[in-house]
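Keep in mind that the numbers below use all heavy atoms, side chains included, and drop hydrogens, waters and symmetry copies.
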Amino acid sequence: MAMPPPLFAAASHASLLLPSPTIHSSTGSRRPFRLPLRSSRRPPVAAAAASGVPDEWGDRSPSAPEPPSQPDPPIDDDEWGRDDPTASGNSRPVPVTDEWGEPGVPEPQSTSAADPPTNDDEWGGDPAPPPPPPPAPEEDDEEERREELKRCLVDTVYGSDLGFRASSEVRGEVLELVTQLESANPTPEPVQATHLLAGNWILIYTAYSELLPILAVGAAPLFKVDEISQEIDTNSMTIVNASTISSPFASFSFSATASFDVQSPSRIEVQFKEGSFQPPKISSSVDLPAEVDIFGQKISLGPVQQVLNPLQQAFASIAGSISGQPPLKLPIPGNNRARSWLLTTYLDKDLRISRGDGGLFILVKEGSPLLDQL
C-alpha cells in the first residue's frame with residue numbers, strides 16, 4: 001500500500017497551480033515573483049523519506065529503503081506444516097502436532113527411490129538370518145505316524161525271544177506293521193544313505209530259518225541268547241554278524257565276517273569270508289536260578305547249587321587262564337552257501353527292516369531309545 005504524500009508536498013503542488021503574486025519595485029514597475037527552482041529536484045515522497053519527516057500517522061520513515069530480500073528456498077511442506085514424504089531426500093520421520101498443540105504420531109513415510117530400504121537392525125548391524133520355514137503339516141503327520149508304528153512293532157515283538165516263541169497271531173501282527181512301515185519308508189535309497197546305514201544294529205525279531213539253531217539253544221534251560229547284532233562298515237564295505245550266548249557257568253561269543261557289493265540303491269550282495277570264536281568267559285562264581293521250567297514242569301536247582309559252591313575256586317582259576325587267549329578263526333569256503341543277498345526295505349536313524357533269501361530281519365540301532373522298550 002503506497003503512503004499518502006506529505007501535506008507540505010501537497011501544498012507545494014497547489015502553489016504551483018495558483019497565479020504568481022506580483023511584487024512592486026521601488027521604481028513603481030511591477031514584475032512577477034518567481035520561486036527559485038533547484039537544478040535537481042527529488043520527488044516529494046523521496047525527499048520526505050530522506051529528511052525523516054513524519055507522515056500523517058506520526059511515524060518517521062527509515063532513512064533509506066531496505067533492499068528487497070531474497071526469496072526463501074522452496075520447502076517441501078504439505079498443507080499441515082509437515083515434511084512432504086513424497087519429496088526426494090525426506091527419509092526421516094518428522095514430529096508433528098495436532099490441532100491442540102500436542103505431539104502426534106508421525107505418519108509412516110514411503111521410501112523414496114533415493115533412499116533404498118536397509119536391512120540393518122536397531123543397532124546398525126547385519127540382520128539375523130530368517131528362521132527356517134516350519135515343516136509342512138503333512139510331513140509332521142507322516143513322521144508322527146511312523147513313530148507310532150515303530151513303537152507298536154517293538155511292543156509286539158517283546159517277549160518273543162527274537163521271534164522263536166512268537167505265536168501265529170504275533171507273527172501276523174508283525175507282518176502287518178512291517179508292511180505299513182515299508183510303505184512309509186523315509187529313505188527311498190537306503191544303501192546310498194551311508195550315514196544311516198553304518199553302525200551296529202541289534203536284532204529284535206527274525207523269521208530267518210538258519211538262525212533257528214542258535215535261538216533254540218537260547219531257549220534251553222540255563223542258556224540265554226544275550227544279543228545278536230550286525231555291524232556295517234560302509235568305508236571298508238564289510239559286515240560282521242555276532243552272537244552271544246550266556247549261561248550260569250560261562251558266556252560264548254562267535255561271529256562271521258563278510259564283504260558286500262552294492263547291487264542297487266536298496267540291495268547288497270554279501271560274501272562271507274571268515275568265522276571267529278571268542279574264548280569263553282568263565283564266571284568266577286556260579287549263580288543258578290532257583291528253578292527251571294522243563295517241558296512245563298518246575299524243577300528246583302537248590303541241591304545243584306549246594307554241590308557247585310565248593311567248586312567256586314576252581315571256576316575262578318579256569319576263568320583266569322582262558323581270558324587272555326586269542327580268538328579261534330576259521331575260513332569259510334567260497335561256495336554258493338557262503339553267498340547271500342540283503343534287501344533293505346525300511347531305514348531311518350532308529351530302525352532297519354531287511355529281507356534276505358532266508359527271511360525277515362528287524363533291527364534297532366545301538367543307542368536308540370527303542371531298545372529301552374525291550
Side-chain angles (χ1 to χ4, degrees), residues 146 150 153-154 157 162-164 174-175 178-179 181-215 225-245 252-278 326-368 370-371:
R146 284 195 297 264
K150 290 192 295 184
L153 180 60
V154 173
V157 303
L162 305 183
F164 182 75
V174 169
L175 291 178
V178 165
T179 302
L181 282 170
E182 289 175 338
S183 63
N185 181 23
T187 312
E189 297 182 352
V191 177
Q192 307 299 329
T194 56
H195 64 289
L196 295 176
L197 186 63
N200 193 30
W201 296 88
I202 310 301
L203 183 70
I204 63 172
Y205 181 89
T206 184
Y208 186 40
S209 59
E210 294 190 9
L211 284 178
L212 289 180
I214 300 176
L215 300 179
V225 177
D226 287 341
E227 184 178 277
I228 297 178
S229 63
Q230 184 177 73
E231 185 175 2
I232 300 178
D233 189 344
T234 56
N235 295 325
S236 61
M237 304 287 285
T238 58
I239 294 177
V240 179
N241 294 335
S243 302
T244 302
I245 298 176
F252 308 89
S253 299
F254 49 92
S255 62
T257 304
S259 62
F260 69 89
D261 296 324
V262 177
Q263 300 295 317
S264 72
S266 59
R267 176 174 172 167
I268 60 175
E269 185 179 18
V270 181
Q271 174 68 53
F272 289 96
K273 302 291 186 180
E274 184 181 67
S276 176
F277 295 87
Q278 300 290 335
L328 176 62
K329 295 183 178 181
L330 299 174
I332 299 176
N335 51 30
N336 291 334
R337 291 185 60 84
R339 287 182 175 272
S340 179
W341 58 269
L342 199 63
L343 180 68
T344 301
T345 56
Y346 182 91
L347 178 65
D348 63 14
K349 61 183 179 63
D350 296 315
L351 185 69
R352 177 164 66 95
I353 300 176
S354 297
R355 297 179 181 269
D357 52 0
L360 173 69
F361 304 91
I362 302 176
L363 305 100
V364 174
K365 203 164 196 177
E366 187 176 28
S368 170
L370 292 176
L371 291 175

Can you check whether [X] reaches [Y] side chain to side chain, under 4.5 Å on heavy atoms?
X: S259; Y: Q271; answer: yes
X: Y208; Y: I228; answer: no
X: L363; Y: I202; answer: no
X: K273; Y: P331; answer: no
X: L212; Y: F164; answer: yes
X: P327; Y: Q278; answer: yes
X: Y346; Y: P186; answer: yes

How about [X] and [Y]: does a side-chain donor come under 3.5 Å of a side-chain acceptor?
X: Q230; Y: N241; value: yes
X: D357; Y: S340; value: yes
X: D350; Y: S368; value: yes

So, [X] side chain and [Y] main chain: donor-acceptor pair closer than 3.5 Å or not?
X: D261; Y: V270; value: no
X: T206; Y: L360; value: yes
X: S253; Y: T244; value: no
X: K365; Y: L196; value: yes

Please give me the minimum heavy-atom distance between [X] and [Y], naming the atom from each residue.
X: R267; Y: V191; result: N-CG2, 3.6 Å
X: I268; Y: V262; result: CG2-CA, 4.3 Å
X: S236; Y: T238; result: OG-OG1, 2.8 Å
X: F254; Y: I214; result: CE1-CD1, 3.8 Å
X: A193; Y: T187; result: CB-CG2, 3.8 Å

(request) Would you check, one step at a time, whether the test side chain to side chain contact (heavy atoms under 4.5 Å, CB included) holds for E366 with S229? (result) CA-CA 9 Å; E366 187 176 28; S229 63; over 6 Å; no
(request) Could you walk me through whether R352 and T344 pass side chain to side chain contact (heavy atoms under 4.5 Å, CB included), step by step? (result) CA-CA 7 Å; R352 177 164 66 95; T344 301; 4.1 Å; yes
Distance, nearest 0.5 Å, that separates [atom1] of [X] from [atom2] of [Y]:
X: W201; Y: L351; atom1: CH2; atom2: CG; answer: 7.0 Å
X: L371; Y: I204; atom1: CG; atom2: CD1; answer: 7.5 Å
X: I353; Y: T345; atom1: CD1; atom2: OG1; answer: 5.5 Å
X: S255; Y: E231; atom1: OG; atom2: CD; answer: 10.0 Å
X: D348; Y: R146; atom1: CG; atom2: CZ; answer: 7.5 Å
X: L153; Y: I362; atom1: CG; atom2: CD1; answer: 4.5 Å

(message) Could you go through E182 and R355, starting from their C-alpha distance and side-chain angles, then the distance that decides it, and tell me whether this counts as side chain to side chain contact (heavy atoms under 4.5 Å, CB included)?
(response) CA-CA 11 Å; E182 289 175 338; R355 297 179 181 269; 3.0 Å; yes
(request) Pick out which of V174, V364, L162 makes a side chain to side chain contact (heavy atoms under 4.5 Å, CB included) with Y205. (result) V174
(request) Step by step, work out the side chain to side chain contact (heavy atoms under 4.5 Å, CB included) result for L203 and F361. (result) CA-CA 7 Å; L203 183 70; F361 304 91; 4.2 Å; yes
